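What follows is a set of notes on a single structure, which appears directly below.
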Amino acid sequence: MSDPSSRNKDQPMYAVPLGAGGATVSLYTPRVAPRQATALLHKVVAGDRLDLLAQRYFSDPFQAWRIVDANPTFVPESLLEPGTVLFIPEKP
């Protein structure tokens with residue numbers, strides 16, 4: 001059962017076999033987040049962290065996933081290269 005506060009709570013899941021024993025693990029179906037209207041652009045400087053940016057723009061460091069979802073990446077840390085321009089979505 002998923003956490004009711006999770007951003008993935010309504011996402012479909014699928015089972016993946018773990019081996020010959022018949023055990024499976026349930027995974028969320030990969031999702032593509034729709035592009036949100038851009039409220040701000042932020043140019044990354046040395047020392048920026050996603051949680052600190054979320055605190056600055058959303059007043060909540062646990063909303064860093066909103067910044068990650070608004071920018072194309074498979075590795076969130078790659079967004080923090082100095083000089084990178086991040087899209088900051090509108091405040092929820």
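Residue numbers count from 1 along this sequence. All values reported here derive from a predicted model rather than from experimental measurement.
- Checked against side chain to side chain donor-acceptor pair (under 3.5 Å), S78 has the following partners two or more places apart in sequence or in another chain: T73.
- At a threshold of 4.5 Å between side-chain heavy atoms, the hydrophobic network of Ile, Leu, Val, Met, Phe, Trp and Tyr places L52 and V68 in two separate groups.
- Across all non-hydrogen atoms, the minimal contact from A64 to A54 is N-CB, 3.5 Å.
- Partners of V16 by side chain to side chain contact (heavy atoms under 4.5 Å, CB included), not counting sequence neighbours, listed by chain and number: Y14, V25, L27.
- The same ILVMFWY cluster, assembled from side-chain heavy atoms under 4.5 Å apart, contains both F87 and V85.
- Pairs engaging residues 39-59 under the ring pair (Phe, Tyr, Trp, His ring centres under 6.0 Å) rule: H42-Y57 [sequence neighbours left out].
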Dump the intermediate steps for side chain to side chain contact (heavy atoms under 4.5 Å, CB included) on Q63 and D60, then the final yes or no. CA-CA 6 Å; Q63 297 297 308; D60 181 356; 3.4 Å; yes
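- Under the salt bridge (charged side-chain N to carboxylate O under 4.0 Å, His left out) criterion, R49 pairs with D51, sequence neighbours left out.
- Taking CZ of R66 as the reference point, atom CG of D69 lies at 8.5 Å (rounded to 0.5 Å).
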Would you check, one step at a time, whether the test side chain to side chain contact (heavy atoms under 4.5 Å, CB included) holds for D48 with L53? CA-CA 7 Å; D48 275 348; L53 294 174; 4.1 Å; yes
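- Taking CG of L79 as the start and CG of L86 as the end, the distance is 5.5 Å to the nearest 0.5 Å.
- Here the closest non-hydrogen pair linking P61 and Q55 is CD-OE1, 2.8 Å.
- Applying the side chain to side chain contact (heavy atoms under 4.5 Å, CB included) rule to T24 yields the partners A15; only residues at least two apart in sequence or on another chain are considered.
- Side-chain contact between L41 and I88: absent, with no pair of heavy atoms (C-beta onward) separated by less than 4.5 Å.
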